[in-house]
Amino acid sequence: RRCCRFSFMGLFLLSVVLLLESALGLPLSGILLLLDLEGVTSRGHWAGLALFVALAGWIWCPRLTAKETMTVETMQVLILLLGSPVAWAAAYAGHAHYLIAATAPALMVALSLLAIPVPSKVTTAAQVRRKDAWWPEVATGSNGEPVFMDTWNVPPRRQLPAMEGDGKELLGRLMHLSGACRQVQLGSKQVVGDMVIQRIASEEGRAVWSAQLNQDPVMFVASEVHLSTSDPVEAVLWAIYSAEERMKWDSSAFKAYEVLGRQVQKSSQSFCDFLYCRIPLAPGVKDRDMVQERFLMKLPNEQGYAIAIQSCSPSQCTALGLEVPAGVIRARTILSGYILRPHHGGVLLRGVSQTDLGGSVPQWVQGFVKKAGKRMPLQWAERLQDYCNSKAEAQSY
């Protein structure tokens with residue numbers, strides 16, 4: 001009975017000790033073994049204590065040096081291992097109750113953490129973001145949507161209508177179109193599904209395609225560019241997504257670029273907003289403006305992000321108070337967007353654009369736009385890359 005009571009008492013005490021050890025990383029169980037004076041000369045006790053000291057150092061080292069962050073998975077493995085040195089030392093000392101008490105609580109705690117994982121407060125984007133980074137932290141919202149922290153609490157400038165598009169459906173179309181274009185080589189024209197696609201430009205790490213979908217008179221342009229930058233994909237995403245940053249490197253393309261308000265679309269796990277853009281075409285040709293829905297999403301089952309864009313409906317434009325200004329023609333964004341992935345020390349950027357300029361466009365302007373369309377996506381990507389690298393270099397000094 002005494003042995004039984006001692007075993008249960010040892011089980012209880014060591015359960016508490018192992019829980020404290022899990023939280024504090026202290027070799028308390030090793031100290032308990034040293035208090036057993038009968039086996040103080042046992043090599044097994046000293047080996048167990050040495051292993052515990054090493055294990056405690058492994059737990060505390062990244063915390064003291066602040067060079068890395070402990071992940072949930074790492075902690076689960078550590079807790080699984082916490083009982084092993086005690087059990088090993090106890091086996092040498094011949095104490096069965098230590099063996100049971102050391103292994104059972106550690107296994108129970110580890111299995112509970114594996115069954116109910118603790119969500120990490122630090123996202124992958126935050127882990128790669130420097131403290132002096134020029135882009136804000138990307139967090140994950142309550143519905144799984146990516147959120148730039150600097151934009152989360154910005155109040156809307158006006159009453160916002162609901163989003164009519166579906167971010168997930170738009171992302172599916174973007175990925176389908178860009179994937180189909182990648183099947184077509186330079187100079188060839190190929191039918192892929194219901195699209196006629198031609199690769200119109202190609203350089204090392206860069207390509208541009210034009211395509212027609214279902215005999216639609218409005219062509220779309222797709223591009224793929226590998227951006228050589230030391231900054232992560234979140235930085236490039238911010239340079240495209242932020243209206244303020246965008247106008248610093250792409251102002252020649254816009255007369256106006258304004259974010260009207262933000263909301264969350266739970267069904268697609270998207271962070272959404274409305275955009276108003278006004279673009280010049282050519283001297284003597286009326287400007288075009290666009291009112292757009294924009295969806296920011298994480299790529300499903302992989303690292304990276306996507307921005308999907310389409311025009312608002314007339315009823316949404318009215319609700320936003322954005323009627324067509326005098327002397328301007330409203331264009332229609334059928335589908336536009338970007339897909340960004342980390343790739344070989346840089347960022348792989350894919351873009352798609354299908355826009356109906358509306359109104360009457362002179363033939364010479366159409367010819368100019370068609371000719372410039374071969375180079376414009378590549379020049380746009382080069383400006384983006386140069387801007388990101390200049391920001392990175394400025395912070396390195």
Side-chain angles (χ1 to χ4, degrees), residues 170-171 173-190 192 195-213 216 218-229 233 235-241 245-254 257 275 277 279-282 288 290 292 294 304-311 331-341 343 346-357 361 365-389:
L170 292 175
L171 174 58
R173 288 167 57 191
L174 282 176
M175 298 184 75
H176 172 68
L177 292 174
S178 61
C181 288
R182 296 186 74 247
Q183 301 178 35
V184 180
Q185 300 303 312
L186 179 63
S188 63
K189 182 179 289 188
Q190 186 175 334
V192 180
M195 292 176 285
V196 180
I197 305 173
Q198 184 175 9
R199 189 166 183 169
I200 56 178
S202 184
E203 300 176 5
E204 184 178 357
R206 302 181 176 193
V208 181
W209 298 265
S210 66
Q212 188 174 25
L213 178 64
D216 190 331
V218 181
M219 306 283 287
F220 73 80
V221 177
S223 62
E224 179 179 277
V225 178
H226 179 261
L227 303 177
S228 298
T229 175
V233 65
V236 179
L237 179 67
W238 179 243
I240 299 173
Y241 183 80
E245 297 293 336
R246 180 75 175 264
M247 292 300 287
K248 291 178 181 178
W249 62 272
D250 199 23
S251 58
S252 61
F254 300 99
Y257 191 90
L275 297 178
C277 310
I279 58 174
L281 285 185
R288 265 53 176 177
M290 292 166 283
Q292 302 168 324
R294 183 172 65 167
Y305 303 87
I307 298 174
I309 302 169
Q310 71 172 11
S311 274
R332 181 170 65 98
T333 303
I334 301 171
L335 178 65
S336 180
Y338 313 95
I339 299 172
L340 300 92
R341 295 181 175 94
H343 183 71
V347 175
L348 185 65
L349 172 64
R350 293 176 181 169
V352 172
S353 178
Q354 187 182 22
T355 301
D356 183 358
L357 294 176
V361 180
V365 175
Q366 295 182 33
F368 172 79
V369 171
K370 185 175 181 180
K371 184 177 180 180
K374 296 181 178 181
R375 296 292 309 168
M376 286 178 63
L378 303 183
Q379 293 170 349
W380 180 90
E382 189 169 348
R383 292 199 305 273
L384 171 61
Q385 176 180 276
D386 291 343
Y387 178 74
C388 292
N389 287 335

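Bear in mind that the values here come from a model prediction, so they are computed numbers and not experimental data.
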To the nearest 0.5 Å, atom OG of S178 lies from atom CD of Q183 at 10.5 Å
Let me know which of L348, L349, V347 forms a side-chain contact (heavy atoms from CB on, under 4.5 Å) with V233.
V347
For H226, does its backbone N or O pair with a side-chain atom of H343 as donor and acceptor, under 3.5 Å?
no
Nearest heavy atoms of A381 and L227, plus distance in Å
O-CD2, 3.7 Å
Taking atom CH2 of W249 and atom CG of L384, what is their separation to the nearest 0.5 Å?
4.5 Å
Is there a donor-acceptor pair under 3.5 Å between the side chain of R173 and the backbone N or O of A308?
no
Nearest heavy-atom contact between A306 and L171 is CB-CD1, 3.4 Å
Residues C277 and Q292: closest non-hydrogen pair is SG-OE1, 3.7 Å
Inter-residue atom distance S223.OG - R375.CZ, 0.5 Å rounding:
12.0 Å
Rounded to the nearest 0.5 Å, what separates atom CE in M247 from atom CZ in F254?
7.5 Å
From R332 atom CZ to S311 atom OG, the distance as rounded to the nearest 0.5 Å
7.5 Å
Looking at every heavy atom in both L357 and R288, which two are closest together, and how far apart are they?
O-NE, 2.9 Å
Considering all heavy atoms, the nearest I197-W209 contact
CG2-CD1, 4.0 Å
Can you find a heavy atom in the side chain of L275 that is under 4.5 Å from one in the side chain of M290?
no
Roughly how far, to the nearest 0.5 Å, is CD of Q212 from CE of M219?
5.5 Å
Would you indicate whether K189, at its atom NZ, is surrounded by more than 12 heavy atoms from other residues, nucleotides or ligands within a distance under 6.0 Å?
no
Do M195 and L213 have side chains that approach each other closer than 4.5 Å (heavy atoms only, starting at C-beta)?
yes
Name the orientation class of the two ring planes belonging to Y338 and W380 (parallel below 30°, tilted from 30 to 60°, perpendicular beyond 60°).
parallel
Side chains of V208 and R199, heavy atoms from C-beta outward: is any pair under 4.5 Å?
no
So which atom in C181 and which in A222 form the shortest heavy-atom distance, rounded to 0.1 Å?
SG-CB, 3.8 Å
Candidates T333, V221, L177, D216 - the one meeting side-chain contact (heavy atoms from CB on, under 4.5 Å) with Q354
D216
So for atom CZ, which belongs to R206, do other residues, nucleotides or ligands contribute more than 12 heavy atoms lying within a distance under 6.0 Å?
yes
